[in-house]
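Please read all numbers here as calculations on a predicted model, not as lab measurements. We number each residue from 1, following the sequence as shown.
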Amino acid sequence: MNSIPLDLLYEIFSRMPTKSVGRSRCVSEQWRSILCSADFTEYFLTKSSTRPSLLFAMDSFRSNEFLFFSSPPQIPSKPSSSSLSLAAAYFKLNMQLEFCGHAAGLFCFRRMQFTRKDWENTVHVICNPSLGQYVFLPTLTTSSRTFLGFDPIDKVFKVLSPDDAFSSSFANILTLGTGEKRWRKVHFPLAHSPVSKGICINGSLYYLARENTTYFIVCFDVRSEKFKLIQGSFLDSDARLKLINYKGKLGVISLPRENWDSRVGLNIRSKEEVRIWVLEDGEQQDWSEYAYTLPGDKFRDVECDVLEVYVAGVTSATGDIVLMNPNYHHHSKPFYVFYFHPERNVIKRVEVQGFGNHGRVVNAFVDHVEDLTFDMKSWQLDFLKFESINKFNALCLLEDI
């Protein structure tokens with residue numbers, strides 16, 4: 001190994017699955033020194049960023065497990081064509097979890113509560129699917145939503161959980177990776193109740209909230225731990241909104257309320273109007289508005305009969321809105337992911353296989369990038385590791401059909 005140039009070693013290991021890199025770190029002190037170095041982890045992240053994947057997280061209440069699947073992004077070149085993508089099942093958590101948030105390759109979950117005591121002492125789980133690790137966070141007395149944020153400058157993760165009472169103007173914060181084992185309370189300028197999942201963009205964590213009948217977006221700067229309220233005339237109780245990362249900016253997408261089912265998403269008709277607001281200037285709170293027509297008939301042809309979809313996110317490379325059915329119960333029917341390009345008014349679909357035969361609720365994460373930087377073994381928390389169940393040496397991608 002001493003005779004192999006370091007840049008060549010970086011190139012070889014950067015093409016390996018993260019699980020294999022993790023195992024290679026245990027071969028010798030020399031290998032560990034190379035593969036744990038800041039230079040290699042940064043090189044791996046740079047290479048991995050050029051091949052983002054579509055990550056699926058699926059929970060099954062019946063079997064008491066939470067599974068991760070990864071599928072290579074594959075958008076058909078022609079609107080009329082369809083691609084087939086094989087999802088590799090490679091991580092499993094044997095516990096019932098509720099998804100809270102994700103940032104920079106890490107995922108935050110709340111362990112499901114079954115008794116009053118469980119509700120009073122909430123347990124959160126942070127998971128890194130790339131390295132096959134998870135940790136339990138210190139218990140927290142709250143039933144409020146929880147969010148995960150990432151500061152790209154100091155490369156620090158923070159978990160945010162606002163107090164769950166309108167009368168409280170405090171939030172709980174836990175910094176990860178610093179040995180911090182207690183939640184800290186910070187003051188919030190306005191008592192509120194979170195009403196959506198969060199999204200972290202360039203070091204800022206956003207989520208929808210309300211105070212009585214007033215709706216707004218909370219912006220939490222992960223580095224400075226300062227809060228800011230963002231207003232918008234479109235923020236009201238009659239809207240069905242989802243926060244998205246729209247080409248590196250905060251976006252809000254709205255779907256018709258009259259066809260919205262809170263359990264599944266949008267009930268597809270022949271045509272649906274989709275509105276997107278993009279925050280152009282956070283200081284001036286300047287929003288740009290776009291309106292598009294979603295061709296609902298493309299979801300219900302002879303081969304594909306999808307009745308409900310929800311927005312998973314937006315691809316950074318092409319700006320396609322990714323939609324999918326959040327439930328996987330009809331195993332005899334194909335599971336599709338749809339890519340809607342709003343400016344061209346074109347929908348393309350990809351059939352995803354490999355989910356198995358169990359009924360599950362599906363969460364999807366667009367542009368997931370594998371990252372070796374954050375090894376939870378050094379976090380000084382209740383560290384655990386779960387084994388890989390990767391059935392394939394590499395993800396397989398079939399030709400267009």
Side-chain angles (χ1 to χ4, degrees), residues 99-103 145-150 160 162 190 192-222 227-262 264-268 271-294 308-324 326 338-343 345 363-367:
F99 171 72
C100 294
H102 76 292
R145 291 179 182 266
T146 304
F147 309 99
L148 180 64
F150 176 68
L160 173 69
L190 179 66
H192 69 287
S193 176
V195 296
S196 79
K197 294 177 181 177
I199 185 169
C200 190
I201 304 174
N202 300 326
S204 295
L205 175 63
Y206 303 92
Y207 60 89
L208 285 166
R210 70 183 179 95
E211 191 271 329
N212 294 326
T213 59
T214 302
Y215 287 76
F216 49 86
I217 295 174
V218 174
C219 175
F220 172 69
D221 186 275
V222 179
F227 293 89
K228 180 172 60 176
L229 304 183
I230 300 176
Q231 305 289 343
S233 59
F234 55 90
L235 300 174
D236 60 66
S237 60
D238 290 330
R240 282 294 179 257
L241 307 174
K242 179 180 176 65
L243 304 187
I244 57 175
N245 185 337
Y246 192 79
K247 302 179 181 179
K249 298 179 180 180
L250 174 65
V252 182
I253 188 167
S254 173
L255 298 173
R257 179 181 176 87
E258 59 270 17
N259 292 333
W260 183 269
D261 187 327
S262 60
V264 292
L266 178 65
N267 295 312
I268 296 299
K271 291 183 180 181
E272 301 291 351
E273 183 181 64
V274 176
R275 290 186 177 272
I276 300 177
W277 291 268
V278 180
L279 185 62
E280 303 292 352
D281 188 329
E283 294 299 326
Q284 301 296 324
Q285 301 198 13
D286 180 29
W287 294 90
S288 296
E289 182 180 357
Y290 305 90
Y292 305 101
T293 300
L294 186 67
E308 304 95 10
V309 294
Y310 89 106
V311 178
V314 178
T315 60
S316 58
T318 60
D320 287 85
I321 300 173
V322 183
L323 306 111
M324 52 169 280
F338 300 90
Y339 294 85
F340 172 53
H341 196 288
E343 296 175 2
N345 196 33
N363 295 281
F365 306 93
V366 180
D367 291 341

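Among all heavy-atom pairs drawn from A209 and V195, the shortest one is N-CG2, 3.8 Å. Contact between L148 and C200 at its shortest, heavy atoms only, is O-CB, 4.1 Å. Closest heavy-atom contact between A364 and Y310: N-OH, 3.2 Å. The minimum heavy-atom distance between N363 and K197, with the atom names listed, is OD1-NZ, 3.9 Å. Contact record, G319 with P342: O-CD, 3.7 Å, taken as the closest heavy-atom pair. Nearest heavy-atom pair, A291 versus E273, reported as atom, atom and distance to 0.1 Å: CB-OE2, 4.5 Å.
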For residues 246-253, which side-chain donor-acceptor pairs fall under 3.5 Å, sequence neighbours excluded?
from: K249; atom 1: NZ; to: E280; atom 2: OE1; distance (Å): 2.6

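The distance from atom CD1 of I201 to atom CD1 of I244, rounded to the nearest 0.5 Å, is 8.5 Å. In this structure, R275 CZ and S254 OG are separated by 8.0 Å, a value rounded to the nearest 0.5 Å. The NE2 atom of H341 lies 6.0 Å from the OG1 atom of T318; values are rounded to the nearest 0.5 Å. Distance check, rounded to the nearest 0.5 Å: OG1 of T315 to CG of N245 gives 10.5 Å. In this structure, the separation between OG1 on T214 and CD on Q231 is 8.0 Å, given to the nearest 0.5 Å. Interatomic distance, I321 CD1 to L323 CG, rounded to the nearest 0.5 Å: 6.5 Å.
Tested against I217, the residues L279, L208, L229 include a single side chain to side chain contact (heavy atoms under 4.5 Å, CB included) partner, L208. For the ring pair (Phe, Tyr, Trp, His ring centres under 6.0 Å) with F220, the lone residue among F227, Y206, F150 that qualifies is F227.
Legend: residues meeting ring pair (Phe, Tyr, Trp, His ring centres under 6.0 Å) with F216, ordered by chain and number and at least two apart, are absent. Under the side-chain contact (heavy atoms from CB on, under 4.5 Å) criterion, N345 pairs with P295, F340, sequence neighbours left out. With sequence neighbours excluded, the residues forming a ring pair (Phe, Tyr, Trp, His ring centres under 6.0 Å) with F365 are F99, H102, F107, listed by chain and number. Remark: S316 engages D367 in a side-chain hydrogen bond (donor to acceptor under 3.5 Å, both in side chains) (not counting sequence neighbours). Scored by the ring pair (Phe, Tyr, Trp, His ring centres under 6.0 Å) test, Y292 finds no partners at all (sequence neighbours excluded).
Between L294 and F338 there is no side-chain heavy-atom pair separated by less than 4.5 Å. Within the 4.5 Å cutoff, no side-chain heavy atoms of W287 are placed close to those of S233.
Ring geometry for Y207 versus F147: interplanar angle under 30°, hence parallel rather than tilted (30 to 60°).
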